[in-house]
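Worth knowing before you read on, the calculation uses all heavy atoms, side chains too, and leaves out hydrogens, waters and symmetry mates. For the single chain, residues carry numbers from 1 onward in sequence order.
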Amino acid sequence: GSNALRMSSHIQIKAKTAAQKSKTSSPLPCSPEPANKPQPKPSDKLNPKTIDPFGAYSRPTSAFAATYAKGGIPCRLVHGSVKHKLQWECLPETVPFDPLLVTLAEGLRETKHPYTFVSKEGFRELLLVDGATEKAIPLLPRLIPVLKATLAHTDDEVFGRGLDALVQLSAVVGPSLNDHLKHLLTNLSRRLMDKKFREKVTVTLQKLEQYGGKATVAIIKSKIPTYCSISP
């Protein structure tokens, strides 16, 4: 009996030592994955339809999506019988432009509903409030990189939203946009070669000239020499 006890305790000590050795030689992850967890298929990454924007484990793709998920965007989509519209929790005039206008601009790169509608319409409506010019101009250094990324996006609808937003911003800030314009023209020049967007990009450039004044023409021509001014 005592021999059997000695052998079992000897086996336990050996097992303990082996376990300690394996711990020191190969550290385990802090939270090991369950062995029966299904592995994601490579096709899941390629198929955006498998991503649920409202799923508990989905990661927001942008500052806009993260803020929207937390309830930090003070407007919501209302489904109308004819068309959708935004409902603001408070008057847009009372909402601080910083950082909301920049966050809405971030949302222009979204490709999922309702982010697409809320960001586009929210950006447009915020720029329509009284005093928008004074509120938007100080934000230009932060808005321009965001719009640049939107205009560089491969998704056609995202690019279209970027063009619309650029025209809306230009109408509000006028010549103040000229100092930042060169950062955006490379992407516009590239899409000008695409038949699908040639007309819309041309109209956008004409609007930029209309709102930016004569100085805008020289800036546009420095990047797009073929541009024809709307001025006689």
At what distance, to the nearest 0.5 angstrom, does [atom1] of [X] lie from [atom2] of [Y]?
X	Y	atom1	atom2	value
Thr103	Phe123	OG1	CZ	11.5 Å
Tyr227	Ile220	OH	CD1	4.5 Å
Leu128	Glu93	CG	CD	9.5 Å

Is there a chain of hydrophobic side chains (I, L, V, M, F, W, Y, each step under 4.5 Å between heavy atoms) that links Val217 to Leu205?
no
Starting from Tyr115, can I reach Leu77 by hopping between I/L/V/M/F/W/Y residues whose side chains sit under 4.5 Å apart?
yes
Heavy-atom check, side chain of [X] versus side chain of [Y], under 4.5 Å:
X	Y	result
Leu127	Leu101	yes
Tyr68	Pro114	yes
Thr202	Leu192	yes
Leu177	Leu166	yes
Leu108	Phe64	no

Considering residues at least two apart in sequence or located in another chain, which fulfil the side chain to side chain donor-acceptor pair (under 3.5 Å) criterion with [X]?
X	answer
Thr154	none
Gln206	none
Ser229	Glu209

Determine the minimum heavy-atom distance between [X] and [Y], stating which atoms define it.
X	Y	result
Leu143	Val102	CD2-CA, 3.9 Å
Ala132	Leu126	CB-O, 4.2 Å
Leu104	Val118	CD2-O, 4.0 Å
Gly162	Leu151	C-CD2, 3.7 Å
Ser119	Gly107	OG-O, 3.0 Å
Pro145	Pro141	CD-O, 3.1 Å

Test of understanding: with ring-ring contact (aromatic ring centres under 6.0 Å, His included), list the residues that count as partners of Phe159, not counting sequence neighbours.
Phe197
Considering only Ile, Leu, Val, Met, Phe, Trp and Tyr, and joining two whenever side-chain heavy atoms are under 4.5 Å apart, list the other residues clustered with Tyr211.
Val167
Residues 156-178 vs salt bridge (charged side-chain N to carboxylate O under 4.0 Å, His left out), sequence neighbours excluded, gives Lys120-Asp164, Asp156-Arg191, Asp156-Lys196, Asp164-Lys200
What salt bridge (charged side-chain N to carboxylate O under 4.0 Å, His left out) pairs are there with at least one residue in residues 71-89, not counting sequence neighbours?
none
Any sub-3.5 Å donor-acceptor pair from Thr94's side-chain atoms to Cys90's backbone N or O?
no
Which pairs with one or both residues in residues 134-145 pass side chain to side chain donor-acceptor pair (under 3.5 Å), sequence neighbours excluded?
Asp98-Arg142
If a pair satisfies side chain to side chain donor-acceptor pair (under 3.5 Å) and one of its residues is in residues 213-226, list it, with sequence neighbours excluded.
Asn178-Thr216
For Ser176, the side chain to side chain contact (heavy atoms under 4.5 Å, CB included) test, sequence neighbours excluded, returns Ile137, Leu140, Val173
Check the orientation of His84 and His79. Use parallel for under 30°, tilted for 30 to 60°, and perpendicular for over 60°.
perpendicular
For residues 180-189, which side-chain N or O atoms pair as donor and acceptor with protein atoms under 3.5 Å away, sequence neighbours left out?
{"unit_1": "Asn187", "atom_1": "OD1", "unit_2": "Arg190", "atom_2": "NH1", "d": "3.0"}
{"unit_1": "Asn187", "atom_1": "ND2", "unit_2": "Lys148", "atom_2": "O", "d": "3.2"}

Who passes salt bridge (Lys or Arg N to Asp or Glu O under 4.0 Å) against Glu125, sequence neighbours left out?
none
